[in-house]
Engineer: 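Supplied in structure tokens, the structure appears directly below.
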Amino acid sequence: GRRLIIAVDGPSGSGKSSVCRAAARRLGAAYLDTGAMYRAATWYCLDRGVDLDDEAAVAVAVEELPLTISTDPEHQTVTVGECDVTESIREARISESVSEISTNRAARALLVAAQRRIIDQAGVVVAEGRDITTVVAPDAQVRVLLTASAEVRLARRGLQMGGGQPAEALQRQVLARDARDSTAVNFTEAADGVAVLDSSDLTFEETVDALVSRVESVR
Ligand code: C5P
């Protein structure tokens, strides 16, 4: 069949993952969560006791990373070696350390190459992250920056975590991580040719609809 790449970037709490997974289901497309790859790399470094400040040691570990990630939107699993890390890569300890991996240039280059290989093998794929529209797949037929106001993103992340988190803790997790991540990639403004989809005033379904109709218009 025809190849089609749908590239979606955005900050944390923008709803990227759930929106992209739902859009992939509706399109019968593969789904690639590149953030999960940075998280798996972080899990592996922590598991092996790698000093995250040691750039060379991090790069070696990421080079050796025995990562498998499923691209089935119905069945997201991430494994490192024999270990199913699908759940554990979502832990706070991973979110707090992941920027140390994603700001490591050598680690980024390795993960970007791996992402390109996965995208090349998929026919139709929705790939999401921070640098998909700009670095990983700038030639994608559909390129979208999914945004939402900081207020909305904090509220969504709070709900996702079950509610009841102190506001400062959420701000630290969401906004501080974005600030750290921004030093490696620019995902706060759309590059040339990238459409902004602001979901602040949209429901989840409306956001999925908006993404899917962009895809239908190029299909
Ligand atoms: O999307 P998610 O919040 O799971 O991503 C986890 C982390 O992975 C981000 O905070 C960022 O440091 C990194 N990341 C990245 N480039 C991507 C996807 C994620 O640097 N394309």
Side-chain angles (χ1 to χ4, degrees), residues 8-14 16-18 20-21 30-122 125 127-132 134-137 157 160-162 165 169-187:
V8 180
D9 288 324
S12 70
S14 59
K16 281 192 317 294
S17 298
S18 33
C20 289
R21 202 179 311 119
Y31 164 69
L32 179 61
D33 174 358
T34 62
M37 297 174 71
Y38 287 90
R39 288 172 179 275
T42 306
W43 182 92
Y44 186 62
C45 287
L46 293 177
D47 184 63
R48 304 227 313 190
V50 172
D51 174 2
L52 300 187
D53 291 325
D54 183 340
E55 286 188 27
V58 167
V60 167
V62 175
E63 191 150 23
E64 292 168 359
L65 176 69
L67 173 68
T68 312
I69 182 164
S70 118
T71 56
D72 178 353
E74 302 294 345
H75 195 73
Q76 277 297 296
T77 52
V78 184
T79 60
V80 173
E82 300 291 295
C83 223
D84 184 332
V85 299
T86 312
E87 308 282 324
S88 42
I89 59 170
R90 305 293 157 191
E91 288 169 8
R93 68 185 184 100
I94 303 294
S95 305
E96 277 155 23
S97 296
V98 68
S99 304
E100 302 217 46
I101 307 300
S102 68
T103 54
N104 179 303
R105 291 174 66 97
R108 280 204 87 77
L110 289 161
L111 291 172
V112 165
Q115 290 154 17
R116 287 185 179 143
R117 284 194 294 273
I118 295 170
I119 290 170
D120 279 343
Q121 280 163 21
V125 57
E128 55 102 341
R130 304 288 189 289
D131 62 343
I132 312 304
T134 52
V135 176
V136 176
R157 184 48 58 97
Q160 201 176 62
M161 295 174 66
Q165 299 78 26
L170 270 177
Q171 291 200 354
R172 194 177 64 234
Q173 287 178 27
V174 177
L175 304 183
R177 177 148 63 94
D178 280 347
R180 290 195 298 269
D181 290 343
S182 299
T183 65
V185 277
N186 180 1
F187 51 84

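In this chain, residues are counted from 1 in sequence order.
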Engineer: Restricting to pairs with a member in residues 106-118, which pass salt bridge (Lys or Arg N to Asp or Glu O under 4.0 Å), not counting sequence neighbours?
Structural biologist: R108-D131

Engineer: Measure the shortest side-chain to side-chain distance between V185 and T134 over non-hydrogen atoms and say whether it is less than 4.5 angstrom.
Structural biologist: no

Engineer: Pairs in or reaching into residues 36-59: which pass salt bridge (Lys or Arg N to Asp or Glu O under 4.0 Å), with residues at least two apart or in two chains?
Structural biologist: R48-E64

Engineer: Would you call N104 and L52 a side-chain contact if the rule is heavy atoms closer than 4.5 Å?
Structural biologist: no

Engineer: Search all heavy atoms of P73 against all heavy atoms of A30 and return the closest pair with its distance.
Structural biologist: CD-CA, 4.5 Å

Engineer: To check you understand the geometry: which heavy-atom pair defines the closest contact between D33 and S17, and what is its length?
Structural biologist: OD2-OG, 4.3 Å

Engineer: Checking the side chain of T71 only, and the main-chain atoms of Y31 only, is there a donor and an acceptor separated by less than 3.5 Å?
Structural biologist: no

Engineer: Between atom CD1 of I69 and atom CG of L32, what is the distance when rounded to the nearest 0.5 Å?
Structural biologist: 5.5 Å

Engineer: Nearest 0.5 Å, please: how far is CD in Q165 from CD in Q171?
Structural biologist: 12.5 Å

Engineer: With a sphere of 6.0 Å drawn around CD of E87, does it hold more than 12 non-hydrogen atoms of other residues, nucleotides or ligands?
Structural biologist: no

Engineer: What's the shortest heavy-atom distance between C45 and V58, and which atoms?
Structural biologist: SG-CG1, 4.4 Å

Engineer: Search all heavy atoms of C20 against all heavy atoms of E128 and return the closest pair with its distance.
Structural biologist: SG-CB, 3.7 Å

Engineer: Is there side-chain contact between D178 and F187, with at least one heavy-atom pair below 4.5 Å?
Structural biologist: yes

Engineer: So, do T34 and L111 sit near enough that their side-chain heavy atoms are less than 4.5 Å apart?
Structural biologist: no

Engineer: To the nearest 0.5 Å, how far apart are CE in M37 and CD1 in I89?
Structural biologist: 10.5 Å

Engineer: Measuring from atom CG of L65 to atom CD1 of I101, what distance do you get when rounded to the nearest 0.5 angstrom?
Structural biologist: 10.0 Å

Engineer: Are any side-chain N or O atoms of T42 and backbone N or O atoms of I94, one a donor and one an acceptor, separated by less than 3.5 Å?
Structural biologist: no

Engineer: Quick check: closest heavy atoms across S102 and Y38, and the distance to 0.1 Å?
Structural biologist: CB-CD2, 3.6 Å

Engineer: Would you compute the distance between atom CZ of R177 and atom OG of S99 and round it to the nearest 0.5 angstrom?
Structural biologist: 6.5 Å

Engineer: Verify side-chain hydrogen bond (donor to acceptor under 3.5 Å, both in side chains) between T86 and Q76, making sure each step is shown before the conclusion.
Structural biologist: CA-CA 8 Å; T86 312; Q76 277 297 296; over 6 Å; no

Engineer: Going by side chain to side chain donor-acceptor pair (under 3.5 Å), name the residues that satisfy it together with R130, two or more places apart in sequence or in a different chain.
Structural biologist: none

Engineer: Do S70 and D72 have a side chain donor and acceptor closer than 3.5 Å?
Structural biologist: no

Engineer: Tell me the closest heavy-atom pair linking A127 and I119, and the distance in Å.
Structural biologist: CB-CD1, 3.8 Å

Engineer: Kindly compute the distance separating OG (S88) from CZ (R93), expressed to the nearest 0.5 Å.
Structural biologist: 6.5 Å

